[in-house]
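Reviewing the structure listed below.
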Amino acid sequence: MDEQLVALKSALSRNDVLLEVMSRTASLELPGWYVTAGCLFQTVWNVVTHRSPTSGIKDYDIFYFDSSDLSWGAEDEVIKTAQRAFTGLAAEVEIRNEARVHLWYEQKFGVPCPAYESTEAAIDSFAATTCCLGVRLDE
């Protein structure tokens, strides 16, 4: 497992955009945040297949978990703050409060979603196991 983590860190560290996303996200001080999903596994596949580390990455997903205010207004304020933090970055960043997912999921996807208890629980619920990964900077 240690060798696999070293290899993962090595592959991810080749994506300068990902490193910048993590750095800027850390400055937002969001509770329980992770960069997750496609940008991670696509970076690994790109490195393994000798392509540019950022090739084919549509966006960079950031999850956080704040159950203190489940209103859309609170999440939207975080999204607006993040948009300012990511100004000038050559990538799309999407940020979502995973404590709120159960409030809109069924309307959007047609099936209910139980309330998550953490960001990790949200990440663990991905249908594709290659997406069940989240990273952040060491504190």
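The shown structure was predicted, so the numbers you read here are calculated from the model rather than taken from an experiment.
- Closest non-hydrogen pair, L137 versus A26, comes out as CD1-CB, 4.0 Å.
- Smallest separation of non-hydrogen atoms from I123 and L133: CG2-N, 3.4 Å.
- One hydrophobic cluster holds both L28 and V135 under the rule that ILVMFWY side chains link at heavy-atom gaps under 4.5 Å.
- Taking the side chain to side chain donor-acceptor pair (under 3.5 Å) definition, one finds that R24 meets it with E20, sequence neighbours left out.
- Annotation: ring-ring contact (aromatic ring centres under 6.0 Å, His included) contacts involving residues 98-118, sequence neighbours excluded, comprise Y105-F109.
- Within the 4.5 Å cutoff, no side-chain heavy atoms of L30 are placed close to those of D66.
- When the ring pair (Phe, Tyr, Trp, His ring centres under 6.0 Å) test is applied to Y34, no partner is found at least two apart in sequence or on another chain.
- L103 and V111 fall into different hydrophobic clusters, where Ile, Leu, Val, Met, Phe, Trp and Tyr side chains are chained together by heavy-atom contacts under 4.5 Å.
- S71 is linked by a side chain to side chain donor-acceptor pair (under 3.5 Å) to D69, counting only residues two or more places apart in sequence or in another chain.
- In this structure the side chain of I79 reaches within 4.5 angstrom of the side chain of R96, judged on heavy atoms.
- Residues meeting the side chain to side chain contact (heavy atoms under 4.5 Å, CB included) test with S118, sequence neighbours left out: E120, A121.
- Listed here is the closest heavy atom pair of V101 and C113: CG1-SG, 3.9 Å.
- Under the rule for a side chain to side chain donor-acceptor pair (under 3.5 Å), T25 has no partner lying at least two apart in sequence or in another chain.
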Side-chain donor-acceptor pairs under 3.5 Å in residues 82-95, sequence neighbours left out?
residue	atom	partner	partner atom	Å
R84	NH2	T81	OG1	3.2
T87	OG1	Q83	O	3.1
T87	OG1	R84	O	3.1

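- Listed by first then second residue, pairs satisfying side-chain hydrogen bond (donor to acceptor under 3.5 Å, both in side chains) with a partner in residues 8-18 read N15-T43, N15-Y60, not counting sequence neighbours.
- No side-chain heavy atom of T36 sits less than 4.5 Å from a side-chain heavy atom of F41.
- The closest side-chain heavy-atom distance from P31 to F65 is not below 4.5 Å.
- Partners of A7 under the side chain to side chain contact (heavy atoms under 4.5 Å, CB included) rule, at least two apart in sequence or in another chain, do not exist in this structure.
- The line from CD1 of I62 to CE of M22 is 10.5 Å long, rounded to the nearest 0.5 Å.
- Residues near V47 contribute nothing to a hydrophobic cluster around it, because no ILVMFWY side-chain heavy atom sits closer than 4.5 Å to its side chain.
- Annotation: the span from E98 atom CD to W33 atom CH2 amounts to 14.5 Å, rounded to 0.5 Å.
- Checked against side chain to side chain contact (heavy atoms under 4.5 Å, CB included), S55 has the following partners two or more places apart in sequence or in another chain: N46, R51, S52.
- Checked against side chain to side chain donor-acceptor pair (under 3.5 Å), N97 has no partners two or more places apart in sequence or in another chain.
- In terms of heavy-atom proximity, D61 sits nearest to A37 at OD2-CB, 3.6 Å.
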